[in-house]
Amino acid sequence: MERNDYMKVKGEKMDLFYTSTRNANERVTASQAILQGLAGDGGLFVPEYIPKLEMPLEQLEGMNYQETAYQVMKLFFTDFSEDELRYCIGSAYDGKFDTLEIAPLREAGGVHYLELFHGSTIAFKDMALSILPHLMITSARKNHVTNDIVILTATSGDTGKAALAGFAKVPGTKIIVFYPKDGVSPIQQKQMVTQEGDNTFVVGIDGNFDEAQTGVKEMFADSVLAEEMQAKGHQFSSANSINIGRLVPQIVYYVYAYAKMLDRGELKNGEPMNVVVPTGNFGNILAACYAKAMGLPIHKLICASNENKVLYDFFKSGTYDRNREFILTSSPSMDILISSNLERLIYLTAGEDADANRGFMEHLSRKGSYQITEEMRAKLSDFYGNYATQEETASVIKSLYEKEDYVLDPHTAVAACVYEKYRKETGDTTKTVIASTASPYKFTRSVMTAIDGSYDEMDDFALVDELEKLSKVKVPKAIQEIRTAPVLHKTVCQVEDMPKVVKEYLKL
């Protein structure tokens, strides 16, 4: 597909509004979309058109991350003033990142790894969740909101801690995070349950991420609950990747990566690059798709799945079917069978037909599946999907360490494995960037036992010390802080009790 095959792209300067993927009549500003998170009809907010990059790519070469972020975000958040947007960007991308580059590019084995894990919670979610609280509070002021904003979110591991860290102690906000208590890594869980802040609340559920996410969506759609909250001075918003305030900041790092490749002489201006993304909820690769629509020369969007390969099967067959076994893997942030952000792509490939898209989503809700048309499938030629097994993932971690002295986390290893499959299938030698989505320190057991099975006898924090020796990368502050931190959040509930727990916390 070419850039404008199914996206409306405009280069002239004009206000950009957002509409719902399920209701063409719902139209809001960027700040209103950020505040609401989810549209009132259950749809996701999408821009009415994709703005074209205003600045020639060669002019982006020498820019730092913050300036690149401004050049991208100003095109989407048109109701923010320059001062407001620069304040949000400056407040987000500061000393909480352990490198001035914010998102360094590291070459290993002929591939460029875009390291998105240098923020305060050592996962790529920091890239967007560092700025979302500032966007949200600014949006509240712009829209004269006096209610407390209650962030309600589900996490498969990384969003939870990143959102908690972003919103902790932010005046006028509360944050409630639900996570599958048996579906995250020990480090991920410890990061969440030790979170400080009187406005934070963390709840484990006896279920999987999809059940947590569905429960959260149902609460957003509960009009009676909304009225009860309004009476108490509260309103929901979302920190999940369904929030457009999460999606737009993710576009930035693909633009930044291309500019850095130009700056290093790895690419010539206009030369395409491939992007490989380990994918669960689909937001991260959708951001790359939006970047391409803006004019970034991206050739192939390579969607990497683990053994929960619902997206691989979708790209292969045109059928999205979540009626399958849910598999717990070493890459838990991808253990997802309902990829919410895919709805935005379905809406686009359906010709921005909200009624058609709503039909697909209703069928998914009722039957657990839907089948797109052949015309829609033809518009997905930019995408390539494949998956990696547990054994293949471990093998990639071990191989890259032994050959390149570079340690990957399991999610990035899934992406590296899928890229190798793509390269062998196609012979494509286009320069490639792999989104490296988490620090290996977040998944020490999976990483260390992949390198050497004898490490399995050690506890998780002993493995942290061993990983430091092996990788020669200093233990991140985020890990040091939770070694002895007390557990502050002990609530666990059944899926059906999620609304009850929320009401009790908010004293409704």
Side-chain angles (χ1 to χ4, degrees), residues 13-18 28-37 45 47 51 53-55 59-60 62-103 116 118-121 124-151 159 162-175 197 199-200 235 237-239 241 243-256 259 287 290 294:
K13 183 69 175 176
M14 59 189 296
D15 285 338
L16 178 57
F17 289 87
Y18 292 78
V28 298
T29 64
S31 62
Q32 290 168 340
I34 290 167
L35 273 178
Q36 291 182 48
F45 286 116
L53 283 168
E54 292 180 342
M55 186 167 288
Q59 290 186 30
L60 294 170
M63 288 188 181
N64 63 17
Y65 193 87
Q66 293 85 342
E67 186 60 36
T68 306
Y70 177 71
Q71 295 300 327
V72 173
M73 291 188 206
K74 72 176 184 179
L75 305 175
F76 285 91
F77 299 151
T78 57
D79 64 330
F80 283 68
S81 71
E82 179 175 348
D83 286 346
E84 287 171 334
L85 190 51
R86 287 192 183 276
Y87 169 78
C88 292
I89 290 168
S91 299
Y93 305 113
D94 57 7
K96 70 176 69 69
F97 286 81
D98 64 20
T99 170
L100 289 175
E101 291 179 279
I102 307 297
L116 301 172
H118 288 276
S120 57
T121 74
F124 84 102
K125 307 296 176 74
D126 288 323
M127 301 300 294
L129 282 165
S130 291
I131 194 171
L132 183 61
H134 304 288
L135 293 173
M136 198 164 284
I137 295 303
T138 302
S139 295
R141 287 199 300 265
K142 293 175 78 67
N143 290 277
H144 311 292
V145 171
T146 57
N147 286 342
D148 277 357
I149 305 298
V150 179
I151 304 301
T159 286
L164 287 162
F167 282 93
K169 304 177 184 177
V170 173
T173 70
K174 290 180 171 60
I175 177 165
N199 67 331
T200 67
Q235 67 184 65
S237 191
S238 172
S241 57
N243 193 314
I244 199 69
R246 277 275 307 273
L247 183 62
V248 169
Q250 292 178 283
I251 299 170
V252 173
Y253 45 72
Y254 296 110
V255 177
Y256 180 76
Y290 275 33
M294 295 181 77

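Nothing here was measured: the structure is a model prediction, and the numbers come from that model.
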(request) Check the pair Phe76 / Leu247 against side chain to side chain contact (heavy atoms under 4.5 Å, CB included), numbers first and verdict last. (result) CA-CA 11 Å; Phe76 285 91; Leu247 183 62; over 6 Å; no

So which heavy atom on [X] is nearest to which on [Y], and how close?
X      : Y      : value
His118 : Ile102 : CB-O, 4.0 Å
Ala239 : Ala163 : CB-CB, 4.0 Å
Leu164 : Ile175 : N-CD1, 3.7 Å
Val255 : Leu60  : CG1-CD1, 3.7 Å
Thr68  : Asn64  : OG1-O, 2.9 Å
Gly37  : Phe45  : O-CD1, 4.0 Å

(request) Begin from the C-alpha positions of Tyr70 and Glu82 and carry the test side chain to side chain contact (heavy atoms under 4.5 Å, CB included) through to its verdict. (result) CA-CA 9 Å; Tyr70 177 71; Glu82 179 175 348; 3.1 Å; yes

Whether the side chain of [X] engages the backbone of [Y] through a donor-acceptor N/O pair (distance < 3.5 Å, no angle test) should be reported.
X      : Y      : answer
Ser130 : Met127 : no
Gln32  : Thr29  : yes
Tyr18  : Ser31  : no

Just wondering, do [Y] and [X] contact through their side chains at under 4.5 Å, heavy atoms?
X      : Y      : value
Lys125 : Gln250 : no
Tyr253 : Phe124 : yes
Tyr256 : Glu101 : yes
Ser241 : Thr159 : no

(request) Classify the angle between the aromatic ring planes of Tyr65 and Tyr93 as parallel (below 30°), tilted (30 to 60°) or perpendicular (above 60°). (result) perpendicular

(message) Which residue is it: Asn243, Val145, Thr173? I am looking for the one with a side chain to side chain contact (heavy atoms under 4.5 Å, CB included) to Met136.
(response) Asn243

(request) For a side chain to side chain contact (heavy atoms under 4.5 Å, CB included) with Ile34, tell me which candidate from Leu135, Asp79, Val248 qualifies. (result) Leu135

Any chance you could measure [X], atom [atom1], to [Y], atom [atom2], to the nearest 0.5 Å?
X      : Y      : atom1 : atom2 : result
Ser237 : Ile151 : OG    : CD1   : 4.5 Å
Gln71  : Ile89  : CD    : CD1   : 9.0 Å
Gln235 : Thr146 : CD    : OG1   : 8.0 Å
Ile149 : Ser238 : CD1   : OG    : 12.5 Å
Leu116 : Asp126 : CG    : CG    : 10.0 Å
Lys74  : Phe80  : NZ    : CZ    : 15.5 Å

(message) Filter on salt bridge (Lys or Arg N to Asp or Glu O under 4.0 Å), then keep only pairs touching residues 136-146, sequence neighbours left out; what's left?
(response) Glu84-Lys142

(request) For the pair Cys88 and Thr138, evaluate side chain to side chain contact (heavy atoms under 4.5 Å, CB included) and give the outcome as yes or no after the intermediate values. (result) CA-CA 8 Å; Cys88 292; Thr138 302; 3.5 Å; yes

(message) Going by side-chain hydrogen bond (donor to acceptor under 3.5 Å, both in side chains), name the residues that satisfy it together with Gln66, two or more places apart in sequence or in a different chain.
(response) none

(message) Pair Val28, Phe17 - check side chain to side chain contact (heavy atoms under 4.5 Å, CB included), show working.
(response) CA-CA 6 Å; Val28 298; Phe17 289 87; over 6 Å; no

